[in-house]
Amino acid sequence: MNKLKEDIEELRCRKPTNVWGYIISIFSIGYGIFNILNGTYLLSRIEPYLQRIVSVDILAYSLVAFSTLKMIGILFNNTLARKIGIWALTGMWSGLFVLALTFSFGTGYPHATYGFNALALVICLVVSFKGDYRE
């Protein structure tokens, strides 16, 4: 009977797994690798304003690095790595969203890529607002 109570208490305290951290990490790694392999995609179709601000390679490698850090934090239960990873990813996707939105409506040629960036930003914010960074 005592073992049953311990099992019930363990199950009650266990948090349900959340896949949003895995999703944003895999999504960002894929997008970063895509931009590494196709260096002109980001400049020509989404954010040509980035050409004067920062190298696209730096942006792509940063996405891959911070996503990998987030994934390592999830897999090895490292809270600091999860925090740094999601904070950096939220900042990067926020910047990409603002630039895509500005370019889409500022130039008069609306392009739907700001919706893609908004989706990634919302997923980052969902993970960030959980507050304990546990996936």
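Residue indices begin at 1 and follow the sequence shown. What you see below is based on every heavy atom in this structure, not just the backbone, and it leaves out hydrogens, waters and symmetry mates.
- Nearest heavy atoms, L121 versus S94: CD1-OG, 3.1 Å.
- Of all the heavy atoms in T90 and S128, the pair that sits closest is OG1-OG, 3.3 Å.
- No single ILVMFWY cluster, assembled from side-chain heavy atoms under 4.5 Å apart, contains both I72 and V64.
- A distance of 10.0 Å separates OG of S62 from CG of D57, quoted to the nearest 0.5 Å.
- Note: F116 and Y31 have tilted aromatic rings, judged against thresholds of 30 and 60 degrees for the angle between ring planes.
- I84 is not connected to Y61 by any chain of hydrophobic side-chain contacts under 4.5 Å among Ile, Leu, Val, Met, Phe, Trp and Tyr, and they are in different clusters.
- Screening L69, N77, V127 against R82 for a side chain to side chain contact (heavy atoms under 4.5 Å, CB included) leaves a single residue, N77.
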Residue pair L89, L63: steps toward the side chain to side chain contact (heavy atoms under 4.5 Å, CB included) verdict: CA-CA 7 Å; L89 286 175; L63 271 174; 4.0 Å; yes
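- Considering only residues two or more places apart in sequence or on other chains, F34 meets the ring-ring contact (aromatic ring centres under 6.0 Å, His included) condition with Y41.
- Both L125 and I24 sit in one connected hydrophobic cluster of ILVMFWY residues. Membership requires side-chain heavy atoms under 4.5 Å apart, directly or through other members.
- Hydrophobic clustering places L59 together with L119 (ILVMFWY residues linked when any side-chain heavy atoms are closer than 4.5 Å, directly or through intermediates).
- No continuous path of hydrophobic side-chain contacts links I29 to I123 [ILVMFWY only; heavy atoms under 4.5 Å].
- Here the closest non-hydrogen pair linking A60 and N35 is CB-CB, 3.8 Å.
- Every side-chain contact (heavy atoms from CB on, under 4.5 Å) that S25 has, sequence neighbours left out, goes to K70, M71, I74.
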